[in-house]
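This report concerns only the one structure given below.
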Amino acid sequence: MELQDRPQAGAGAAAGSPDGAAVALAGVDITFHLADGGRYQAVKGIDLSVSPGEFVSIVGPTGCGKSTLLNAAAGLLAPSAGRVGIFGKPLVGLNRRAGYLFQQDALMPWKTALDNVKVALEPMGVPEREAAQRAREWLARVGLSAFVDRYPHMLSGGQRKRVSLAQMLIRNPEIILMDEPFGPLDAQTRQIMGNLLLDLWSRDRKALMFVTHDLEEAIALSDRVVVMSAGPAAGIVADYRVALPRPRDIADIRLEKAFHEIHRDIWSSLRVEVQKAYAMGEGRELVGGDAP
Ligand SMILES: Nc1ncnc2c1ncn2[C@@H]1O[C@H](COP(=O)(O)OP(=O)(O)OP(=O)(O)O)[C@@H](O)[C@H]1O
Ligand SMILES: [Mg+2]
């Protein structure tokens, strides 16, 4: 589907031509080859651009291909058709200009918080003392000055996410990819983490692609919310601009009338896809070999 066919083109879609985009997926199809020789087409015809400085959330039913799109932007998956452009250049191999925060904890249990953050600088050849200093600064920024010597099992889920954030951001990636990063956290901690993320992001606004199941979270954080259809061969069915003022407090903003209006609009697109996915249920796995 062409971008202009969508119900509402986002700011980034309009402002960020693929040439100027931090990430530009153009006509991207991704098909997986299954162990039994069959194939499963997860996504089809994806056109999605994220401008430098833009915060874009991706929502859609479970299994529709949200992580698959992030993996394509990260260079972990090569599209079967179409192109992935990063700052105007075709992506070949891993996207070294991106930092990726996975849903699962990826901290090393045998290393302290400080060492977990410091290790991110190793491939860049940063001298030990400087790396330790920068890791301390980042742990302070995420509110963990008092926890630098703790091992991951001595930290709460929210604290571990803070360490992971510091570990990703210390490398100063130009593009940030986040896959349901706050999924396992309770609602209150999610809000605290959301505000922390907005605070960090607003200092030097990187291009950010954020996958979440939580539509309220998506709206509260983002400049645009992109809705994916149910799979197989999922596409983008809607692209909404969130014209709410910044800076935002993600708890307070949910009380505003404009928030409810945009929530109603996006949910009208999303619910159709969620219901389709639900109706297909287990059957979706059975048609896996034959995407339309
Ligand atoms: N390596 C793979 N081989 C075969 N199929 C895969 C592979 N990776 C993903 N899929 C399938 O592709 C589809 C999209 O998967 P993906 O993980 O991107 O979904 P998602 O939207 O992130 O779901 P969730 O919201 O549950 O995390 C799913 O049906 C999944 O089973
Ligand atoms: Mg996923």
Side-chain angles (χ1 to χ4, degrees), residues 1 23 25 27-48 50 56-82 84 91 93-95 98-106 157 161 164 168 175-185 190 193 208-219 221-222 224-239 266-267 269-292:
M1 180 183 286
V23 180
L25 308 182
V28 165
D29 296 355
I30 295 176
T31 300
F32 294 107
H33 294 270
L34 305 175
D36 65 4
R39 291 186 307 156
Y40 181 82
Q41 181 164 29
V43 299
K44 186 173 181 338
I46 299 286
D47 293 318
L48 175 63
V50 180
V56 176
S57 284
I58 301 169
V59 296
T62 179
C64 70
K66 301 180 294 297
S67 299
T68 299
L69 286 193
L70 284 195
N71 288 338
L76 295 171
L77 269 179
S80 346
V84 180
L91 177 61
L94 275 186
N95 181 355
Y100 200 157
L101 193 59
F102 298 95
Q103 184 172 1
Q104 294 85 7
D105 267 345
K161 285 292 170 201
S164 300
M168 178 188 56
I175 298 163
I176 297 173
L177 308 172
M178 301 179 88
D179 194 354
E180 301 195 46
F182 310 142
L185 306 176
R190 283 177 88 106
M193 291 301 295
L208 206 160
M209 289 174 78
F210 188 91
V211 167
T212 178
H213 271 116
D214 182 339
L215 179 55
E216 290 196 14
E217 181 176 71
I219 298 168
L221 291 170
S222 308
R224 277 163 64 205
V225 176
V226 170
V227 181
M228 290 183 71
S229 64
I236 290 174
V237 290
D239 187 337
I266 303 179
W267 177 238
S269 304
L270 180 56
R271 80 183 300 171
V272 176
E273 301 305 325
V274 170
Q275 283 166 349
K276 270 191 224 161
Y278 185 76
M280 285 188 274
E282 293 302 307
R284 198 153 51 89
E285 296 302 318
L286 300 176
V287 297
D290 295 297

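Whatever order the structure lists ligands and atoms in, that order sets their numbers, starting from 1.
Proximity of Leu34 to ligand 1, defined as any heavy-atom pair under 4.0 Å, is confined to the side chain (atoms from C-beta onward).
Nearest heavy atoms, Ser164 versus Leu101: CB-CD1, 3.4 Å. Closest non-hydrogen pair, Phe32 versus Ala42, comes out as CE1-CB, 3.7 Å. Here the closest heavy-atom approach between residue Arg224 and residue Val50 is recorded as NH1-CA, 4.4 Å.
The contact set between ligand 1 and Thr68, taken as ligand atoms under 4.0 Å from a residue heavy atom, comprises 14 (C), 15 (O), 16 (P), 18 (O). Against a heavy-atom cut-off of under 4.0 Å, Glu180 is close to the following atoms of ligand 1: 25 (O), 27 (O). Near His213, the atoms of ligand 1 lying under 4.0 angstrom from a non-hydrogen atom of the residue are 25 (O).
At a threshold of 2.8 Å, the Mg ion (ligand 2) has a backbone or side-chain N, O or S atom of Ser67 nearer than that distance.
Lys161 has its side chain within reach of Asp105: a pair of non-hydrogen atoms, C-beta onward, lies under 4.5 Å apart. A 4.5 Å side-chain heavy-atom check between Thr212 and Arg190 finds at least one atom pair inside the cut-off. Using a 4.5 Å cut-off on side-chain heavy atoms (C-beta onward), Phe210 and Pro181 make contact.
Residue Ala42 places no N or O, backbone or side chain, under 3.5 Å from any N or O of ligand 1. Close N/O approach between Gly65 and ligand 1 is found [any backbone or side-chain N/O within under 3.5 Å]. Remark: ligand 1 and Gln103 share no N or O pair separated by less than 3.5 Å (distance only, no angle test).
At least one donor-acceptor pair under 3.5 Å links the side chain of Glu273 to the backbone N or O of Ala230.
The option with the heavy atom closest to atom 23 (O) of ligand 1, from among Pro232, Ala35, Gly63, is Gly63.
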